[in-house]
Amino acid sequence: MPELPEVEVVRRGVAAHVVGRTVSGVDVLHPRSVRRHVPGPEDFATRLVGRCLTAARRRGKYMWLELGGGPEEVDAGEAVLAHLGMSGQLLVQPDEAPDETHLRVRFRFDDGGPQLRFVDQRTFGGLSLTELVSVDGVAVPEPVAHIAPDPLEPVFDLEAAVARMRKRRTGVKRALLDQTLVSGIGNIYADEALWRAKLHWARPTANLTRPQARSLLGAAVEVMQAALTAGGTSFDDLYVNVNGESGYFDRSLAVYGQAGLPCPRCGTAVRRDAFMNRSSYSCPRCQPTPRNPHY
DNA sequence: CCGCTGCCCTGCAGGC
DNA sequence: TGCCTGCAGGGCAGCG
């Protein structure tokens, strides 16, 4: 569920409330939520005790907490990696708050302050303890090394992304969702960016002009920045910040989830197409189906 | 190498 | 009321 803006809102909350604190205990309440930590739940929990959370970082939809306070040789070289999947949340909660229905992992701290809780209804998300590696001068967890920088990073190179996109032979929405091309974009912001750039989702990347590709990626940056300013997009309480509060960018969506409602630009009813076992929303008039669609 | 299908889960809305 | 189907913001293995 959460895309870049929502994950960034969570990262900021974690940075404000958790960074600088030292872990005193970890409870793994559902092993599936740490399945990517190969040595297992026990190892995950015990290795974190006594470690200080020194920074909260993000690339695309992944976020991680860098670790200090450990054995010298691993210090600053390890991190707790989190992916929220479709329904994951990180919440800062007082000790006495009752366990959430889908509470999966709890972190307690030696200052006796609020806990950090990983709550995840569908368990597509998860946590793991990972080593940092250097990719083009940026330290990222090893499982994140294969994805591209996201549009809000200093190292993001728009022209390089444009060039790579135009070399693909696929539909433009598939390309937008491909985290190895540009990271952080999901179904909502892909549809919103395509609407802003007046491109149909099945338009082949191979015949995109350079200005069209630039316009599309530029629109993706703009819509995600606007969403971040609004605190993210929340349709229900599955997406909330670390204090349990919803964002309000859903009110600014032009097409996503708006089937049958008027396009804000031309008034034509927004259509919904099935695509990749999901939905694609677009304006039939602003985003006409191309002659040679690439589904 | 690349692209695509199916699957991993739970809960909810809507049709019957 | 309940049962069934389809759908939900993501990603990855495995196949061709």
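Below, chains carry the letters A, B, ... as their sequence lines are ordered, and counting in each starts from 1. Every heavy atom of this structure was used, including side-chain atoms; hydrogens, water molecules and symmetry mates were not.
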Exercise for the section: Would you indicate, yes or no, if C:dG9 has its OP1 or OP2 atom less than 4.0 angstrom from a side-chain nitrogen or oxygen of A:S87? Expected result: no
Problem - Aro-ring/base stack A:F124-B:dC8, d under 5.5 Å, angle under 30° - result: yes
Handout entry: P gap between C:dG14 and B:dC9, integer Å
Key = 15 Å
Practice task
Would you kindly compare A:Q121 and A:I147 by the position of their nearest DNA chain C nucleotide and give the one closer to the 5′ end?
Solution key: A:Q121
Practice task
Output yes when at least one side-chain N/O atom of A:K61 is less than 4.0 Å from OP1 or OP2 of C:dG11, else no.
Solution key: yes
Practice task
Would you indicate what A:R36 reaches in the nucleic acid, counting non-hydrogen atoms under 4.0 angstrom: base, sugar-phosphate, or nothing?
Solution key: sugar-phosphate
Completion exercise
Between A:R122 and A:P143, whichever has its closest DNA chain C nucleotide further toward 5' is A:R122
Practice task
Indicate, with a heavy-atom threshold strictly under 4.0 Å, whether A:Y62 touches base, sugar-phosphate, or nothing.
Solution key: sugar-phosphate
Fill in the blank from the handout: Rounded to whole Å, CG of A:L181 lies from C1' of B:dG3 at a distance of 14 Å
Problem - Complement of B:dC2, any strand, by Watson-Crick or G-U distances under 3.5 angstrom - result: C:dG16
Practice task
Find the partner of C:dT1: check Watson-Crick (N1-N3 plus N6-O4 or O6-N4) and G-U wobble (N1-O2, O6-N3) distances, both under 3.5 Å, and reply none if neither fits.
Solution key: none
Exercise for the section: Classify the ring geometry between A:Y62 and A:H83 as parallel (under 30°), tilted (30 to 60°) or perpendicular (over 60°). Expected result: perpendicular
Handout entry: Assigned partner base of B:dC9, Watson-Crick or wobble definition, under 3.5 Å
Key = none
Practice task
Could you state the atom-to-atom distance from CG of A:D237 to P of C:dG9 in whole Å?
Solution key: 17 Å
Exercise for the section: Ignoring backbone atoms, test whether A:S279 places a side-chain nitrogen or oxygen under 4.0 Å from the OP1 or OP2 oxygen of C:dA8. Expected result: yes
Practice task
Round to the nearest Å and state the distance from A:R168 atom CZ to B:dC1 atom P.
Solution key: 13 Å
Handout entry: Minimum-distance nucleotide to A:H146 side chain [options: B:dC9, C:dG9, C:dC12]
Key = C:dC12
Problem - Salt bridge flag under 4.0 Å for residues A:D99 and A:R106 - result: yes
Fill in the blank from the handout: A:N277 atom CG is separated from C:dG9 atom C1', nearest whole Å, by 15 Å
Problem - Atom pair distance, as rounded to whole Å: CZ in A:R169 and P in B:dG3 - result: 10 Å
Completion exercise
To the nearest angstrom, the CG-P distance between A:L177 and C:dA8 comes to 13 Å
Practice task
Find out whether the Lys NZ or Arg CZ of A:R104 is both under 6.0 angstrom from the six-membered ring centre of A:F118 and within 45° of the ring's axis.
Solution key: no
Handout entry: A:Q179 side chain, from C-beta outward: closest of B:dC4, C:dG11, C:dA8
Key = C:dG11
Problem - A:R59 to A:W64 six-membered ring, cation-pi geometry met (6.0 Å, 45°) - result: no
Practice task
May I ask you to check whether A:Y256 and A:F249 place their ring centers less than 6.0 Å from one another?
Solution key: no
Problem - Among B:dT10, B:dG3, C:dA8, the nucleotide that comes nearest once only the side chain of A:M86 is considered - result: C:dA8
Handout entry: Rounded interatomic separation in angstrom, taking NZ from A:K173 and C1' from B:dG3
Key = 17 Å
Practice task
Check whether any side-chain nitrogen or oxygen of A:H83 sits under 4.0 Å from OP1 or OP2 of C:dG11, and answer yes or no.
Solution key: yes
Handout entry: A:K173 vs A:S280, side-chain contact (heavy atoms from CB on, under 4.5 Å): CA-CA, chis, key distance, verdict
Key = CA-CA 9 Å; A:K173 184 167 174 183; A:S280 247; 2.7 Å; yes
Practice task
Could you tell me whether the phosphate oxygens of C:dG9, OP1 or OP2, come under 4.0 Å of any side-chain nitrogen or oxygen in A:Y189?
Solution key: no
Exercise for the section: Would you kindly give the CE-to-P distance between A:M276 and C:dA8, to the nearest whole Å? Expected result: 13 Å
